[in-house]
J.: 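Structure below; questions to follow.
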Amino acid sequence: MPLKFDVSHFIGPKVQELQTRNLRLQEKVQELETKNAILNLRLAECQNNVQQSREDVIHFKLETETHIDTRNKVLATADETREKVKEIKNDLKTLEEDVSYMFNDVQQIFEGHLENVMNRVEKVKIKDGNITELDKRIEELESALIEANDRHIREKKKRRKLHNDLIELRGNIRVHCRLRPLLAFDNGNLSPLDALHGKGDMNELYGTELGKPGSSSEQVVHAIDDENISVLSTKPAAIPKAFEFEHVYFPGDAQELIFEEVQPLITSLLDGYNVCIMAYGQTGSGKTHTMLGTKTEPGIVPRAGEELFKLIDEKPVGSVSVQVSVVEVYNNDIYDLLSDNPKEMKHAITTTEEGSLDIVSTIQMQVHNSTDIEKWMEHGLRHRAMMATKVHEHSSRSHLVVTLTVTNHKTVLASPRKPQVGADELDSKTLTPQRVRRQLPQPNLPNIGVQSPRKVAANDEPSSPATVAMTSDSFKTKLQLVDLAGSECVGMSGVTGHALRETSHINRSLSALSDVLGALSEKRSHIPYRNSRLTRLLQDSIGGDAKLLLMLCVSPAQRYLTESLQCLSFGQRARQVQRGPPKKRGYQSVVNEASFRPQSPKEKPSAVRRMQL
């Protein structure tokens with residue numbers, strides 16, 4: 001008989017246990033479902049990120065293609081610009097040849113007419129003051145001269161247009177680089193003081209043979225051609241660094257060759273543009289020699305003055321006047337070097353009514369020729385701060401700024417008068433056409449005191465009203481010639497005390513100049529001109545509308561490698577600065593040259609004038 005168990009006492013707990021387990025399993029299922037939902041959200045987020053990355057890649061590809069197209073267009077535009085420059089150069093060369101031939105022909109025709117007139121004068125017997133035939137011949141000669149003058153004016157206007165087009169294509173900021181020769185002390189065995197042996201100024205050694213030159217292994221900076229320069233690295237496997245500029249001068253290039261590239265800017269000065277020529281480089285690299293030169297090898301400053309007055313001679317007498325001022329920026333203060341005691345008074349930079357910057361409290365002296373400019377320059381340089389260092393015997397401790405202010409007066413021709421020629425006035429001197437020239441007194445170097453308002457020493461009167469009458473309408477242009485103090489390595493120059501403070505101010509002002517160029521090249525909204533009085537003084541030239549030529553002066557020796565690289569990098573930064581077109585000053589016609597006509601044999605201008613191309 002089977003046994004019967006009473007299971008009712010453990011079925012209840014068992015059911016309860018199973019229910020508890022079922023609840024736990026349901027909770028676990030819910031937890032897994034939650035985790036699954038979270039993973040689905042993460043999966044969707046990742047898919048969105050992947051889609052966004054794909055879109056970014058497509059966008060970057062489109063931008064890359066756009067940049068490549070832009071680059072190709074820029075290269076094509078550059079090629080077209082080079083071709084235009086070549087065409088303009090060819091046009092200028094052709095124009096120069098045509099003008100030269102024209103003036104040779106005019107000179108020959110004029111000399112032939114003059115010889116015929118002189119022969120007729122010798123043959124004609126003047127009776128009872130009857131000189132009708134001779135007067136007729138003189139009128140024919142005057143007509144031929146007026147026609148030649150008209151042709152000269154037309155060719156001159158054409159030349160000016162081509163000249164300004166060429167300068168615009170070259171760029172408003174041009175950077176040239178001059179590599180000085182390797183000298184005896186560049187290898188570090190001799191100092192400049194030992195190398196000189198009492199032979200004079202350091203500038204006289206520039207470009208000259210001084211004892212035994214340094215070995216070729218010491219030279220690390222080389223001029224490849226007239227546009228490229230290469231710097232060798234001291235590391236064995238390093239690649240040489242290359243720099244490209246508008247023009248590179250070889251160590252053997254003379255001062256005259258360098259000024260040939262500067263000469264067109266002097267023409268722009270009289271055409272109504274402000275011009276600035278600035279020399280930049282380390283101490284002893286040849287900046288002062290390039291800008292000032294010596295008596296046997298004049299630099300840019302004296303040659304610019306000579307060229308300026310040659311161009312002025314082509315204009316009507318009294319239509320252009322020139323003043324010169326000489327200042328220095330020393331320890332971030334401005335001093336007037338034409339004063340007897342420059343260090344007694346500091347000068348401030350002010351804004352003129354025209355919106356330009358100027359130092360109105362400095363002395364300006366009237367000059368009448370290039371000799372006057374050189375005399376006032378010598379007077380100012382006697383007060384310039386200079387000192388001997390281990391790098392340079394005559395190291396400049398200040399930035400020198402020579403300013404030539406050119407005032408163009410609008411001129412009109414006075415009413416013509418018919419010449420009255422008597423029998424006793426007919427000689428060879430009367431029949432020779434000459435422009436009436438005033439006698440200009442040679443200025444001495446007086447004892448100039450410090451004067452508050454600007455002083456202009458004018459020693460001459462306007463030309464005769466019978467020839468040219470000046471009106472009140474005039475405009476001014478400026479030529480700034482800047483000899484910057486050289487950047488120095490304190491350890492190499494060995495300066496201490498007060499000289500160390502000077503070096504600190506020099507390097508700080510040059511650093512401010514570099515910051516300004518960097519801000520201009522990057523087109524920042526704020527340009528830090530006010531960080532230094534040097535940059536503030538040159539603001540109209542660097543960031544304004546002047547035509548600026550930056551002359552880099554570089555030492556080729558290995559011991560100056562760091563300073564040379566800094567100088568060349570400064571020039572590269574300056575080339576990246578983009579400014580608007582230069583502003584031409586003046587009235588509608590700078591000088592009414594077409595109205596300048598000879599009124600009498602004594603007032604006839606010379607038939608042959610040198611054309612400055």
Side-chain angles (χ1 to χ4, degrees), residues 1-81 171 173 231 233-244 508 510-532 535 539 542-543 562 565-566 568-580:
M1 183 172 181
L3 296 176
K4 292 183 180 180
F5 294 94
D6 187 6
V7 296
S8 60
H9 66 279
F10 61 85
I11 290 176
K14 190 71 173 178
V15 170
Q16 186 177 0
E17 180 182 356
L18 291 175
Q19 289 176 349
T20 301
R21 185 181 300 177
N22 185 30
L23 289 174
R24 289 176 181 174
L25 290 175
Q26 289 179 355
E27 291 176 355
K28 195 168 185 179
V29 168
Q30 290 179 355
E31 181 180 358
L32 291 176
E33 287 178 350
T34 303
K35 289 182 179 181
N36 185 37
I38 293 174
L39 290 176
N40 287 332
L41 291 176
R42 290 182 181 176
L43 178 61
E45 183 179 356
C46 291
Q47 289 176 346
N48 290 334
N49 291 337
V50 169
Q51 182 64 24
Q52 183 66 29
S53 299
R54 289 175 180 172
E55 292 177 356
D56 291 341
V57 168
I58 295 173
H59 177 67
F60 290 147
K61 286 183 178 180
L62 293 176
E63 284 189 348
T64 303
E65 293 175 356
T66 304
H67 289 319
I68 292 174
D69 294 338
T70 304
R71 177 178 175 273
N72 293 333
K73 291 179 181 179
V74 169
L75 291 176
T77 305
D79 293 336
E80 294 177 358
T81 304
I173 298 183
V231 181
S233 176
T234 55
K235 298 179 181 180
I239 301 175
K241 293 185 177 180
F243 299 86
E244 182 181 1
R508 202 177 308 166
L510 294 177
S511 177
L513 181 60
S514 179
D515 293 341
V516 167
L517 290 176
L520 288 171
S521 62
E522 296 173 6
K523 297 182 179 180
R524 301 179 199 165
S525 59
H526 172 68
I527 310 299
Y529 290 114
R530 295 182 180 270
N531 288 357
S532 170
T535 54
Q539 178 176 346
I542 302 173
T562 302
L565 286 173
Q566 187 271 337
L568 295 172
S569 300
F570 178 87
Q572 290 282 61
R573 195 156 44 249
R575 292 190 69 198
Q576 297 173 2
V577 176
Q578 296 181 1
R579 306 183 304 179

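Note that the numbering runs from 1 along the sequence shown for the chain. Keep in mind that what you see is a predicted model, and the values were worked out from it rather than measured.
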J.: Given side chains that start at C-beta, do those of V29 and E33 come closer than 4.5 Å, heavy atoms only?
T.: yes
J.: Can you confirm whether Q51 sits close enough to Q47 that some side-chain heavy atom of one is under 4.5 Å from a side-chain heavy atom of the other?
T.: no
J.: For I542 and L513, which heavy atoms make the closest approach, and how far apart are they?
T.: CD1-CD1, 3.2 Å
J.: Could you check if a side-chain atom of Q52 sits within less than 4.5 angstrom of a side-chain atom of N48, using non-hydrogen atoms only?
T.: no
J.: First locate atom NZ of K73, then atom CD of E80, and finally report the distance between them rounded to the nearest 0.5 Å.
T.: 12.5 Å
J.: Is it the case that R573 and S514 place a side-chain donor and acceptor less than 3.5 Å from each other?
T.: yes
J.: Taking atom CD of E522 and atom CD of Q576, what is their separation to the nearest 0.5 Å?
T.: 8.5 Å
J.: Could you tell me which non-hydrogen atom of P528 sits nearest to which non-hydrogen atom of V516, and how far apart they are?
T.: O-CG2, 3.5 Å
J.: Donor-acceptor pair, R575 side chain versus E244 backbone, under 3.5 Å?
T.: yes
J.: To the closest 0.5 Å, what do you measure between OG1 (T20) and CD (Q16)?
T.: 5.5 Å
J.: Just by distance, with hydrogens left out, do H59 and E63 show a side-chain donor and acceptor under 3.5 Å apart?
T.: yes
J.: Are any side-chain N or O atoms of N72 and backbone N or O atoms of I68, one a donor and one an acceptor, separated by less than 3.5 Å?
T.: yes
J.: With a 4.5 Å heavy-atom cut-off, do L62 and E65 have their side chains touching?
T.: yes
J.: Could you check if a side-chain atom of N40 sits within less than 4.5 angstrom of a side-chain atom of N36, using non-hydrogen atoms only?
T.: yes
J.: Taking S569 for the side chain and Q566 for the main chain, is one N or O donor matched with an acceptor at less than 3.5 Å?
T.: no
J.: Return the CG to CD distance between N22 and E27, rounded to the nearest 0.5 Å.
T.: 10.5 Å
J.: Show your working on side chain to side chain contact (heavy atoms under 4.5 Å, CB included) between L43 and L39 and close with a plain yes or no.
T.: CA-CA 6 Å; L43 178 61; L39 290 176; over 6 Å; no
J.: Roughly how far apart are R24 CZ and E31 CD, rounded to 0.5 Å?
T.: 14.0 Å
J.: Tell me, do T535 and I527 make a side-chain contact under 4.5 Å, heavy atoms counted?
T.: no
